[in-house]
Q: 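Attaching a single structure in structure tokens format; questions to follow.
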Amino acid sequence: MEIIQSIESMQRRSCSLKRSGKRIGMVPTMGYFHEGHLSLMRLARSKADIVVVSNFVNPTQFAPTEDLDKYPRNFERDCHKAETIPVDIMFAPRNEDMYPEDFRTYVEVGEWGKKLCGLSRPAHFRGVTTIVLKLFNIVQPDIAVFGWKDAQQFLILCRMVKDMNLPIEMIGGDIVREPDGLAMSSRNKYLTPEERKDAVILSRSLKEAREMIERGAMEADVLKERIRKMVNGAQYGRLDYVEIVSRETLEPLSRVQKGESLIALAAYFGEARLIDNIRY
Ligand code: PAF
């Protein structure tokens, strides 16, 4: 696997790959790989000639009060894991190259960035769209793979690709879960053993909501109340939000619409803010 740090070298490499007719599949990441990341890389591998993974902890998507400094990092271990896929190129730019002192331009996401996770992380999605557009311009992928775990992020980025006419096929990879159901996340590392045990309530509450829907309970308020009770009933759980929205518009739904709905939640367990969702 080739490791590229310089923006210019990555751009030159992508240009020459494209000139020789190769299809580039990209997986943007912030590193600290777990099986969720690896499944996205495998998906990219199955659809492209060349797989590029970016590994960059993006400061503009963290608020000053958030966990940028302690966000877990292990570049060497990431390289070993990526090699098993195999990934062709790991692009790991330096912060000072991505955001030089005179950096000024951001991608605004509008209303969608203020909903769901945007309520408690108001500048987060502007940071995500800005870095992803920069990465797309550097790597020039034909295909980009993101996880449905970050459903709002994926939908906002699909919107950006459409609105900005980027010639990129967006692919969403399914959530990968631990054996007990907890969605894999780099932030699970922050959980104490007690909080880790409790955090399984997130996927359990979503599973329970799915079962309720399958038994005919389509009212969003009823489903949200059940999830709220289950998560807040856990000793260490504090629900941030639960919403049932349209995957097309991100507007709240009063009733679950089959094939169109996203049930998304975020909750705190100690220091960790975890998210999870199901599509129905
Ligand atoms: O999902 C992530 O890891 C990040 O938000 C992303 C898309 C790599 C942008 O920094």
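Keep in mind that the numbers below use all heavy atoms, side chains included, and drop hydrogens, waters and symmetry copies. For ligands, and for the atoms within them, numbers begin at 1 and follow the listed sequence.
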Q: Near Q153, which atoms of ligand 1 are under 4.0 Å from a heavy atom of that residue?
A: 1 (O), 2 (C), 4 (C), 5 (O), 7 (C)
Q: Is it true that the side chains of D240 and S120 contain a donor and an acceptor less than 3.5 Å apart?
A: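 There is such a pair (donor and acceptor under 3.5 Å, judged by atom type) between the side chains of D240 and S120.
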Q: Distance under 4.0 Å to a non-hydrogen atom of I131: what atoms of ligand 1 satisfy this?
A: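 Answer, ordered by atom number: 9 (C), 10 (O).
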Q: Salt bridge check: are E251 and K115 linked by an N-O gap of less than 4.0 Å?
A: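 Between K115 and E251 there is a salt bridge, with a charged N closer than 4.0 Å to a carboxylate O.
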Q: Could you tell me which atoms of ligand 1, counted from 1 in the order shown, lie closer than 4.0 angstrom to a heavy atom of N58?
A: 10 (O)
Q: For F154 and W148, I'd like to know if the aromatic rings sit close, meaning centre-to-centre distance below 6.0 Å.
A: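 So the answer is yes for these two rings.
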Q: Looking at Y190, is K70 sitting on its ring face, NZ or CZ under 6.0 Å from the six-membered ring centre and within 45 degrees of the normal?
A: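 Yes - K70 lies over the ring of Y190, closer than 6.0 Å to its centre and within 45° of its axis.
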Q: Under a 4.0 Å heavy-atom limit, does T29 contact ligand 1 with its side chain, its backbone, both, or neither?
A: backbone
Q: So which of M30, K134, Q61, K149 gets nearest to atom 9 (C) of ligand 1, if we judge by its closest heavy atom?
A: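 The nearest heavy atom belongs to Q61.
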Q: Counting the benzene-type ring for Trp, do F56 and F91 have ring centres under 6.0 Å apart?
A: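 Ring-ring flag for F56/F91: false, centres at least 6.0 Å apart.
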